[in-house]
Undergrad: 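Shown below is the structure under consideration.
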Amino acid sequence: QVHLVQSGGGLVQVGGSLRLSCAVSGGPFSSNAMGWFRQAPGKEREFVAVITRSIGITYYADSVKGRFTIARDNAKNTVYLQMNGLQPEDTAVYYCAARAGGIYSIKVDDYDAWGQGTQVTVSS
């Protein structure tokens, strides 16, 4: 069974940067599409970014395009989310997720395993 452990996050000022990491164990990491989602208080969980399993095709939500970068290191079984130019509206709990089969999706229900979540707070 795939297990995801997140690290990173915290408090940052507007315009600052943070990097989130998600280490995957218990399964064939390279066969999973990996995504990042976020959930702000009182809102539904929303898609942020995804990277496919093999050649690493990426796709981003419009709200983060040009500021966030998703990357994966298959040798380390880890996926990253580099967040630059952070804004108050980026404040949320961020989750990494794995989808077996490698095909990317922006839908929460399409993912099979989730990290524990990590808080990102952007202060103005």
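On a predicted model such as this, the values are computed, not experimentally measured, just so you know.
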Undergrad: Is there side-chain contact between Met83 and Asp90, with heavy atoms separated by less than 4.5 Å?
TA: no
Undergrad: Out of curiosity, does Leu86 fall in the hydrophobic cluster containing Ile70 (side-chain heavy atoms, cut-off under 4.5 Å, transitive links)?
TA: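 Same cluster: Ile70 reaches Leu86 through Ile, Leu, Val, Met, Phe, Trp or Tyr contacts under 4.5 Å.
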Undergrad: Examine distances only and state if a side-chain atom of Asp112 and a backbone atom of Ala100 form a donor-acceptor pair shorter than 3.5 Å.
TA: yes
Undergrad: Can you tell me if Ile103 has over 12 outside heavy atoms packed within less than 6.0 Å of its CD1?
TA: no
Undergrad: Considering only heavy atoms from C-beta outward, does the side chain of Leu20 approach that of Val120 to under 4.5 Å?
TA: yes
Undergrad: Flag yes if Phe47 and Trp114 sit in one hydrophobic cluster, no otherwise; membership is Ile, Leu, Val, Met, Phe, Trp, Tyr, and two members link when side-chain heavy atoms are under 4.5 Å apart.
TA: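 Yes, same cluster.
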Undergrad: For Thr118 and Gly8, indicate whether the former's side chain and the latter's backbone hold a donor-acceptor pair under 3.5 Å.
TA: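 The answer is yes, because a donor-acceptor pair under 3.5 Å joins these two groups.
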Undergrad: Around atom NZ of Lys65, are there more than 12 heavy atoms of other residues, nucleotides or ligands at under 6.0 Å?
TA: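 Counting neighbours around NZ of Lys65, more than 12 heavy atoms of other residues, nucleotides or ligands fall under 6.0 Å, so yes.
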Undergrad: Side-chain contact test, heavy atoms from C-beta onward, threshold under 4.5 Å: evaluate it for Val12 versus Ser17 and give yes or no.
TA: no
Undergrad: Leu4 and Val2: which non-hydrogen atoms are nearest, and at how many Å?
TA: CD1-CG1, 3.2 Å
Undergrad: Quick check: closest heavy atoms across Ala71 and Val79, and the distance to 0.1 Å?
TA: O-CG2, 3.1 Å
Undergrad: Identify the heavy atoms of Ala92 and Gln119 that sit nearest to each other, and give their distance.
TA: O-NE2, 3.4 Å
Undergrad: Say whether Ile106 and Val93 are linked into one hydrophobic cluster, either directly or through other cluster members, by side-chain heavy-atom distances under 4.5 angstrom.
TA: yes
Undergrad: Taking all heavy atoms of Gly85 and all of Arg67, pick out the closest pair and write down the distance.
TA: O-NH1, 2.9 Å
Undergrad: Any side-chain heavy-atom pair from His3 and Val24 closer than 4.5 angstrom?
TA: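 Side chain of His3 against side chain of Val24, heavy atoms only: no contact under 4.5 Å found.
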Undergrad: How long is the span from the CZ atom in Arg38 to the CZ atom in Arg45, to the nearest 0.5 Å?
TA: 13.0 Å
Undergrad: For the OH atom of Tyr104 and the OG1 atom of Thr58, what is their distance to the nearest 0.5 Å?
TA: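 Going from the OH atom of Tyr104 to the OG1 atom of Thr58 covers 10.0 Å.
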Undergrad: Working to the nearest 0.5 angstrom, can you tell me the gap between Ser105 OG and Tyr59 OH?
TA: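 One finds 10.5 Å between OG of Ser105 and OH of Tyr59.
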Undergrad: Go through the steps for Glu89 and Val122 under the test side-chain contact (heavy atoms from CB on, under 4.5 Å), then give the verdict.
TA: CA-CA 8 Å; Glu89 53 266 33; Val122 184; over 6 Å; no
Undergrad: Are Tyr94 and Val64 grouped together when hydrophobic residues (ILVMFWY) are joined by side-chain heavy atoms under 4.5 angstrom apart?
TA: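 Yes, Tyr94 connects to Val64 through the hydrophobic network.
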Undergrad: Will you find, in the side chains of Arg99 and Tyr111, an N or O donor that is under 3.5 Å from an N or O acceptor?
TA: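 Not at all, the side chains of Arg99 and Tyr111 share no donor-acceptor pair under 3.5 Å.
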Undergrad: Is the shortest heavy-atom distance from the side chain of Lys76 to the side chain of Ser21 under 4.5 Å?
TA: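 Not touching, per the 4.5 Å side-chain cut-off.
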Undergrad: Of the non-hydrogen atoms in Thr69 and Tyr60, which two are nearest, and what is the gap between them?
TA: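 Looking at all heavy atoms of both residues, the shortest contact is CA-OH, 3.3 Å.
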Undergrad: Hydrophobic clustering (ILVMFWY, side-chain heavy atoms < 4.5 Å, transitive) - are Tyr95 and Ile51 grouped together?
TA: no
Undergrad: Verify, without hydrogens or angle tests, whether Gln116 (side chain) and Gln6 (backbone) share a donor-acceptor contact under 3.5 angstrom.
TA: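 Side chain of Gln116 to backbone of Gln6: a pair is present.
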Undergrad: Donor-acceptor pair, Arg72 side chain versus Ala33 backbone, under 3.5 Å?
TA: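 Absent.
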Undergrad: Which pair of heavy atoms, one from Gln87 and one from Gly15, lies closest together, and at what distance?
TA: NE2-N, 4.4 Å
